[in-house]
Amino acid sequence: AFSPNGDGKNDLFRPLIFGRVKQFQFTIYNRWGEVIFHTNDLQRSWNGNVKGLIQQTGVFVWTCTYQIEGDALKKEKGTVTIIR
């Protein structure tokens with residue numbers, strides 16, 4: 001979970017991947033399966049907004065595909081909850 005309320009603590013959500021990353025894709029979906037955030041930039045985070053609108057407390061699905069140098073391509077998925 002994360003709490004994007006602007007207090008500077010736990011305001012952003014992104015995967016933490018350690019090592020030399022060769023490929024990266026991070027996507028967040030709403031409950032209807034619509035893409036609400038997507039990036040190929042390992043340093044970019046989701047701030048809990050969608051098209052400039054603050055999202056209320058809820059659960060979102062994320063997927064992350066990445067490859068660390070010397071390893072095979074990996075695919076991870078999970079959920080994240082916004083707490084307001």
Side-chain angles (χ1 to χ4, degrees):
F2 75 119
S3 57
N5 58 8
D7 67 357
K9 298 176 185 172
N10 206 25
D11 286 331
L12 302 172
F13 178 69
R14 70 181 174 106
L16 297 176
I17 302 172
F18 302 99
R20 180 173 256 152
V21 178
K22 293 178 67 176
Q23 293 183 44
F24 175 76
Q25 181 173 293
F26 179 54
T27 308
I28 299 176
Y29 305 86
N30 64 17
R31 62 181 161 186
W32 297 283
E34 299 168 326
V35 173
I36 58 170
F37 179 82
H38 175 80
T39 186
N40 292 318
D41 180 352
L42 190 58
Q43 301 305 313
R44 194 161 165 236
S45 303
W46 184 44
N47 63 4
N49 293 344
V50 176
K51 296 181 182 175
L53 300 174
I54 295 171
Q55 298 301 292
Q56 297 303 311
T57 296
V59 178
F60 300 83
V61 173
W62 60 266
T63 61
C64 183
T65 304
Y66 64 96
Q67 183 178 19
I68 296 174
E69 190 172 285
D71 286 347
L73 188 67
K74 295 182 181 179
K75 295 181 181 183
E76 306 285 343
K77 62 183 176 180
T79 59
V80 63
T81 302
I82 290 180
I83 299 173
R84 297 278 180 191

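Computed from a predicted model, the values in this text were never measured in an experiment.
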Fellow cluster residues of L73, listed by chain then number, with links counted only when side-chain atoms sit under 4.5 Å apart: none
Q56 CD to I54 CD1 distance, which is reported to the nearest 0.5 Å: 7.5 Å
Do the non-hydrogen side-chain atoms of Y29 and W62 ever get within less than 4.5 Å of each other? no
Would you say V61 ends up clustered with I82 if hydrophobic residues are merged whenever their side chains have heavy atoms under 4.5 Å apart, either directly or through other cluster members? no
What side-chain donor-acceptor pairs closer than 3.5 Å can you find for residues 36-44, not counting sequence neighbours?
from: H38; atom 1: ND1; to: T27; atom 2: OG1; distance (Å): 2.8
from: T39; atom 1: OG1; to: D41; atom 2: N; distance (Å): 2.9
from: D41; atom 1: OD1; to: Q43; atom 2: N; distance (Å): 2.9
from: R44; atom 1: NH1; to: H38; atom 2: O; distance (Å): 3.1

Look at the side chain of D71 and the backbone N and O of I68, then say whether any donor-acceptor pair between them is shorter than 3.5 Å. no
Assess the pair F2 and F60: is the distance between their ring centroids shorter than 6.0 Å? no
Distance col, row Q67:CD vs K75:NZ, nearest 0.5 angstrom, shows 12.0 Å
Remaining members of the apolar cluster that contains F18, side-chain heavy atoms under 4.5 Å: L16
Output the distance between atom OG (S3) and atom NZ (K9), rounded to the nearest 0.5 Å. 9.5 Å
N5 versus D11: any side-chain heavy-atom pair under 4.5 Å? yes
Is the backbone N or O of P4 less than 3.5 Å from a side-chain atom of R84, with the two atoms forming a donor-acceptor pair by type? yes
Donor-acceptor check, side chain of Q55 to backbone of L53, threshold 3.5 angstrom: yes or no? yes
Going by the side-chain contact (heavy atoms from CB on, under 4.5 Å) test, name the single residue among N30, T81, V80 that passes it with V59. T81
Side chains of K22 and Y66 in contact at under 4.5 Å (non-hydrogen atoms): no
Does atom CD1 (I83) have a neighbourhood of more than 12 heavy atoms from anything else shown, all under 6.0 Å? yes
Can you find a heavy atom in the side chain of P15 that is under 4.5 Å from one in the side chain of F24? yes
Hey, could you give me the CD1/CD distance between I17 and E76, rounded to the nearest 0.5 Å? 8.5 Å
